[in-house]
Amino acid sequence: MDNPFKFGGIVRGPYFADRTEELDELTREMENLSRVFLVSPRRYGKTCLLFNLMDTLDEIGLSSAYIDLNACPDIKSFAETFTHTASKGLETNTDKLIKMLSGLHRLRPKVSVGHDGSLTAGVEVVVQEKDGIAALIEGMNHAETLAGKKNRKLVVIIDEFSDLIKFNGRHLEKALRSEIQQHEHIGYIFSGSEESVMLSMVKDRKRAFYKLGRIMNLGPISQDAYSDFIVNWLQKGGYTANRQDLHKIFELGQNIPHNIQRLCNILWEIARDDRVITPAMIDTLPVIIAQQDSPHYELLWRSASQQQKKLLIALSRTPGLKPFSKEFQLTHGIGPSSSIKASLDSLVKKGILLRTLEGPYQFSDIFMTNWIEYIMDPRGHVI
């Protein structure tokens, strides 16, 4: 039996860990063609949830289109991707799709020929960058019109929506709101991992998306439900484990779904021979990950200055202490606060640390703390 604990990609179907309540809630919202701002920290399974939602929508007869703004370097590519994916979600016949797209002014169909001679319809913008927003709005209007003609409900999911600011942010936001609020056949999910940016978009009275839709926060998966998921797969694989022992996995993974999936994936492999899971095995999991990812951590480590390395060591040892507190600075012999602030800002930009909405600084990858401990000698010096 293959390892059922998948991570690092899109996980669907029986391998998707329990998000039943969230899936049902989003399904109901999209049946009503609502607008939802889905806010989630990274590694909480947001994108996996969205792809499983699209599978559910397909089963109940709703069309869907998924757009990843990370993959759109400019407004023109956003316009092309929106128009193509939305149109394809409503019409799969290539000839009909080409004919429909031919009627647009700022976009035109782009036909590709496959190795087997099959035709694939795409879209390209035929105006300059300064007219990219107009092209996007035309594509969105086309999708709404097409959905109305076909009497179909369409759900458009725009992932990493916080990346919108990399375009002509405020002007684009106003244009999008003006168009979206006229749509009667399209529901929208705007999802993003940059929590502060997403919430500012929706809660700031001066922003165009203020109260355009509801906010849905994606938190950790219920431990009871997740435990059922883990135990069921272990039993199917013939593994023996004490359910109480498995709770340590949630502690080690800090309740983050991606981390828990990876811990379980490794546990499955190291217990494969005799299929008996022990507490000692579970305790070794973070160290195994630290060793596996050592080349990646080493690159990040090399990018940090000596002062920043000293700060990272201190944070890994006393995660509960605030870095600007006198206790933290006296304990680790670092400071002053201005120097610590500069180091923290730099480490956040490098992606080594992140700052939560609650304020504390955390490692972006919690297993890097295990790697730091792993490379330290008994005297506390980096090997």
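Everything numeric here is computed off the predicted structure, so don't read it as measured data. Hydrogens, waters and symmetry mates are skipped; everything else that's a heavy atom, side chains included, is used.
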To the nearest 0.5 angstrom, please state how far the CG atom of Leu136 sits from the CD atom of Glu179. 8.5 Å
If you count every heavy atom of other residues, nucleotides or ligands that lies below 6.0 Å from Glu21 atom CD, does the total exceed 12? no
Salt bridge (Lys or Arg N to Asp or Glu O under 4.0 Å) between Asp345 and Lys341, worked out: CA-CA 6 Å; Asp345 289 345; Lys341 178 65 166 61; 2.8 Å; yes
Is the CG atom of Asp2 crowded by more than 12 outside heavy atoms at less than 6.0 Å? no
Take His142 and Ser87 through the test side chain to side chain donor-acceptor pair (under 3.5 Å) and record every step on the way to the result. CA-CA 8 Å; His142 165 75; Ser87 300; 3.3 Å; yes
Do Tyr210 and Asp204 pass the side chain to side chain donor-acceptor pair (under 3.5 Å) test, and can you show the C-alpha distance, the side-chain angles, and the key distance before you say yes or no? CA-CA 6 Å; Tyr210 178 66; Asp204 187 343; over 6 Å; no
Are any of the side-chain nitrogens in Asp283 or Lys248 under 4.0 Å away from the carboxylate oxygens of its partner? yes
Which is it for Asn259 and Gln254 under the side chain to side chain donor-acceptor pair (under 3.5 Å) test, yes or no, and what are the steps along the way? CA-CA 8 Å; Asn259 295 341; Gln254 294 186 1; 5.9 Å; no
Nearest heavy-atom contact between Ile366 and Leu252 is CD1-O, 3.2 Å
Can you measure from CD1 (Ile288) to CZ (Arg262) and round to the nearest 0.5 angstrom? 10.5 Å
Assess whether atom CG of Asn151 is packed by more than 12 heavy atoms of other residues, nucleotides or ligands within 6.0 Å. no
Any chance you could lay out the side chain to side chain contact (heavy atoms under 4.5 Å, CB included) test for Val348 and Tyr361, step after step, and finish with the verdict? CA-CA 9 Å; Val348 169; Tyr361 289 89; 3.9 Å; yes
With under 30° as parallel and over 60° as perpendicular, where do the rings of Trp371 and Trp301 fit, or are they tilted in between? perpendicular
Would you find more than 12 non-hydrogen atoms of other residues, nucleotides or ligands less than 6.0 Å from Lys350 atom NZ? yes
Counting C-beta onward and ignoring hydrogens, is there a side-chain heavy-atom pair between Met201 and Leu164 closer than 4.5 Å? yes
Distance from Leu146 atom CG to Met100 atom CE, nearest 0.5 Å? 5.0 Å
According to the interplanar angle, ranging from 0 to 90°, do the rings of Phe78 and Phe82 count as parallel (below 30°), tilted (30 to 60°) or perpendicular (above 60°)? perpendicular
Looking at Lys150 and Glu91, is there a salt bridge between them, counting it only when a charged N and a carboxylate O are closer than 4.0 Å? yes
On a heavy-atom basis, the closest approach of Leu101 and Gly122 is CD1-O, 3.9 Å
Please work out which of the three classes, parallel, tilted or perpendicular, describes the rings of His258 and Phe7, given edges at 30° and 60°. perpendicular
Give me the one residue out of Lys88, His185, Arg152 that meets side-chain hydrogen bond (donor to acceptor under 3.5 Å, both in side chains) with Ser63. Arg152
Identify whether the distance between the nearest side-chain nitrogen and carboxylate oxygen of Glu298 and Arg302 falls below 4.0 Å. yes
Shortest non-hydrogen pair, Pro323 vs Ile340, comes out as O-CD1, 3.4 Å
Is it the case that atom CZ in Arg207 sees more than 12 heavy atoms from other parts of the structure closer than 6.0 Å? yes
Show your working on salt bridge (Lys or Arg N to Asp or Glu O under 4.0 Å) between Glu31 and Lys153 and close with a plain yes or no. CA-CA 8 Å; Glu31 283 182 306; Lys153 291 182 179 181; over 6 Å; no
Could you see if Ile270 belongs to whatever hydrophobic cluster contains Met1? Use Ile, Leu, Val, Met, Phe, Trp, Tyr and a side-chain cutoff under 4.5 Å. yes
Backbone of Ala175 reached by a side-chain donor or acceptor of Ser178 within 3.5 Å: no
Report the C-alpha separation of Glu25 and Arg19 in whole Å, then their side-chain angles, then the decisive distance to 0.1 Å, and conclude whether the salt bridge (Lys or Arg N to Asp or Glu O under 4.0 Å) test is met. CA-CA 10 Å; Glu25 188 175 348; Arg19 283 283 190 191; over 6 Å; no
Report the distance from atom CG of Leu53 to atom OG1 of Thr47, rounding to the nearest 0.5 Å. 12.0 Å
Reported CD1-to-CE distance for the pair Ile289 and Met368, which is rounded to 0.5 angstrom: 14.5 Å
More than 12 heavy atoms of other residues, nucleotides or ligands under 6.0 Å from CD of Gln181: yes or no? yes
Could you go through Phe209 and Phe161, starting from their C-alpha distance and side-chain angles, then the distance that decides it, and tell me whether this counts as ring-ring contact (aromatic ring centres under 6.0 Å, His included)? CA-CA 12 Å; Phe209 291 122; Phe161 192 65; 5.4 Å; yes
Which residue, Phe5, Phe250, Trp233, Phe16, forms the ring pair (Phe, Tyr, Trp, His ring centres under 6.0 Å) with Tyr226? Phe250
Please step through side chain to side chain contact (heavy atoms under 4.5 Å, CB included) for the pair Ser227 and Arg243, ending with a clear verdict. CA-CA 8 Å; Ser227 293; Arg243 187 185 183 98; 3.3 Å; yes
If only atom types and distance count, is the side chain of Asp293 paired as donor or acceptor with the main-chain N or O of His296 below 3.5 Å? no
Spacing of OG belonging to Ser34 relative to CZ belonging to Arg28, to within rounding of 0.5 Å: 11.0 Å
Closest non-hydrogen contact found for Leu62 with Met30 is CD2-O, 3.6 Å
Using the side chain to side chain donor-acceptor pair (under 3.5 Å) rule, take Asp224 and Ser222 through it: C-alpha gap first, then chi angles, then the decisive distance, then the call. CA-CA 6 Å; Asp224 288 340; Ser222 159; 5.0 Å; no
Side chain Thr284, main chain Met281, donor-acceptor under 3.5 Å: yes
Would you check if the side chain of Arg275 reaches a backbone N or O of Arg272 as a donor-acceptor pair within less than 3.5 Å? yes
Passes salt bridge (Lys or Arg N to Asp or Glu O under 4.0 Å), Lys149 versus Glu144? Steps please. CA-CA 9 Å; Lys149 286 182 178 179; Glu144 165 66 14; over 6 Å; no
